[in-house]
> 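My questions all concern the structure below.
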Protein chains: 2
Amino acid sequence: MAENNSWANQPFSYLLRVISIKMKNKADKSLAEFGLNSQQGHTLGYINSNEGIIQKELADFFKKRDASITSMLQGLEKKGFIERRIPKDNEREKKVYLLPKGKELIEDFDKKFQEIEEDITKCLTDDEIQTLLRLLTKINSNLE
Amino acid sequence: MAENNSWANQPFSYLLRVISIKMKNKADKSLAEFGLNSQQGHTLGYINSNEGIIQKELADFFKKRDASITSMLQGLEKKGFIERRIPKDNEREKKVYLLPKGKELIEDFDKKFQEIEEDITKCLTDDEIQTLLRLLTKINSNLE
DNA sequence: TTCTAACAGTTAGAATTCTAAATGTCAACA
DNA sequence: TGTTGACATTTAGAATTCTAACTGTTAGAA
């Protein structure tokens, strides 16, 4: 690997990006047996905990464009993992629900995602874990 | 926003991912005036500091697939920012060089990336910055 | 009641990234 | 010298994500 690198000027940008990619790669590989990727897995998990959530809220939570969420949900619906229903009280919205086929994946997903979370924490002391959580939470709150 | 969320079980996965996306969005917006995105900008910056680096090393550094780097570099070459040369001593490789059109962007890019870096650090004390850097470096080293 | 601005989701098409396979080259070994 | 496995890059096509514009709906003001 090249010796002299410009990331030294922006270490956080680099480290956050690369750690994020590494985690995504691990999660993608973990879910490949289900024919799903990490974003889809995270989305199913989130819907499981938030039955009837509207698409807009998914986009907000994951910081993804509306169109990307639409496209992903279309795929998940097509594969039979979710259904989207227009509520009686607001025809603009679609509320998203897990179908049985989606529900049966959740336990496995949680286990796999937990393993990956531990890939982060296992090299840290309890104190370090608490500190990192505090710092990342602060940064996230501060960023728009 | 939904109250009950499953990210509480995997806070690091969520926070790292979302912070990373937010930074990417800021950087993309920052570079839009040049008709480039953040990955392209980071790549040009890295090539600037590592004249003659081969594609494989770029892929390793950015944790991207070889094919993605090829595709991106093809675009950058087409737009006149870089050139790729096959060295005399190894015909498998292509060494990458900035062209003048690419070089003249570097200063602006550095400034913009520095601003985004400061978006991370400005809410932290010096001590917290050092701690975060230490922790993220440790985690990155520990992840494959 | 009508209008306006904002909202939620979608579409079409482009851009980006990936997968899987392929091609040509190199290094090391027999 | 010949062979083999590894290397670096590319290609074709699929998947994912985005941009920009659009459609239909709602909430609130006039």
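Throughout, protein chains are lettered first and strands after them, A, B, ... in sequence-line order, and every chain is numbered starting at 1.
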> Which of the following nucleotides, dT10(C), dT19(C), dC18(D), is nearest to the side chain of Ser68(A)?
dC18(D)
> Does dA30(C) have a Watson-Crick or wobble mate here (both distances under 3.5 Å), and if so which one?
dT1(D)
> Please list, chain by chain and in numerical order, all residues satisfying salt bridge (charged side-chain N to carboxylate O under 4.0 Å, His left out) with Glu107(B), sequence neighbours excluded.
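Testing Glu107(B) for salt bridge (charged side-chain N to carboxylate O under 4.0 Å, His left out), a comparison that skips the adjacent residues, returns none.
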> Mind checking if Ile69(A) touches a base, just sugar-phosphate, or nothing, with heavy atoms under 4.0 Å?
nothing
> Please determine whether a side-chain nitrogen or oxygen atom of Arg65(B) lies at a distance below 4.0 Å from atom OP1 or OP2 of dT16(D).
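No, outside the criterion.
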> From CE of Met72(B) over to P of dT16(C), roughly how many Å is that when rounded to an integer?
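After rounding, the gap between these two atoms is 10 Å.
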> dC7(C) base to Arg92(A) side chain: any donor-acceptor pair below 3.5 Å?
yes
> Using the side-chain heavy atoms of Lys64(A), tell me which of these nucleotides is nearest: dC18(D), dT9(D), dA8(C).
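So the nucleotide nearest the side chain must be dC18(D).
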> Choosing from dC18(D), dT11(C), dA8(D), which nucleotide comes nearest the side chain of Gln74(A)?
dT11(C)
> Which nucleotide in the set dA8(D), dT25(C), dA8(C) lies at the smallest distance from any side-chain heavy atom of Glu91(B)?
dT25(C)
> State which of dT16(C), dT16(D), dC18(D) makes the closest approach to the side chain of Gln40(B).
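Within the option list, the nearest is dT16(C).
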> So does Lys22(A) pair up with Glu144(B), basic N to acidic O under 4.0 Å?
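Looking at Glu144(B) together with Lys22(A), the answer is no, because their closest N to O distance does not fall below 4.0 Å.
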> Starting at NZ of Lys29(A) and ending at P of dT17(C), how long is that distance when rounded to a whole Å?
20 Å
> Report the residues that fulfil salt bridge (charged side-chain N to carboxylate O under 4.0 Å, His left out) with Lys24(B), sequence neighbours left out, ordered by chain and then residue number.
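For Lys24(B) the salt bridge (charged side-chain N to carboxylate O under 4.0 Å, His left out) partners, ignoring immediate neighbours, are Asp28(B).
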> Which one, dA8(D), dC18(C), dT10(C), comes nearest to the side chain of Thr70(A)?
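Nearest listed nucleotide: dT10(C).
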> When you get a sec, tell me which of dT9(D), dT10(C), dA8(C) is the closest nucleotide to the side chain of Lys56(A)?
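Taking heavy atoms from C-beta onward, the closest nucleotide is dA8(C).
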> Any chance you could lay out the ring-ring contact (aromatic ring centres under 6.0 Å, His included) test for His42(B) and Phe109(B), step after step, and finish with the verdict?
CA-CA 8 Å; His42(B) 287 307; Phe109(B) 286 1; 9.1 Å; no
> Nearest to the side chain of Asn37(A), which nucleotide is it out of dT16(C), dT16(D), dT10(D)?
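The listed nucleotide nearest to Asn37(A)'s side chain is dT16(D).
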> Rounding to a whole Å, what distance do you find between Lys94(B):NZ and dT25(C):C1'?
13 Å
> Using 4.0 Å as the upper bound for N to carboxylate O, is an ion pair formed by Glu115(A) and Lys26(A)?
no
> Need to verify one output field. Residue with the more 5' nearest nucleotide on DNA chain D, Gln39(A) or Lys88(A)?
Gln39(A)
> Of the options dT17(C), dT9(D), dT10(C), whose atoms approach the side-chain atoms of Ser71(B) most closely?
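Between dT17(C), dT9(D), dT10(C), the one nearest the side chain of Ser71(B) would be dT17(C).
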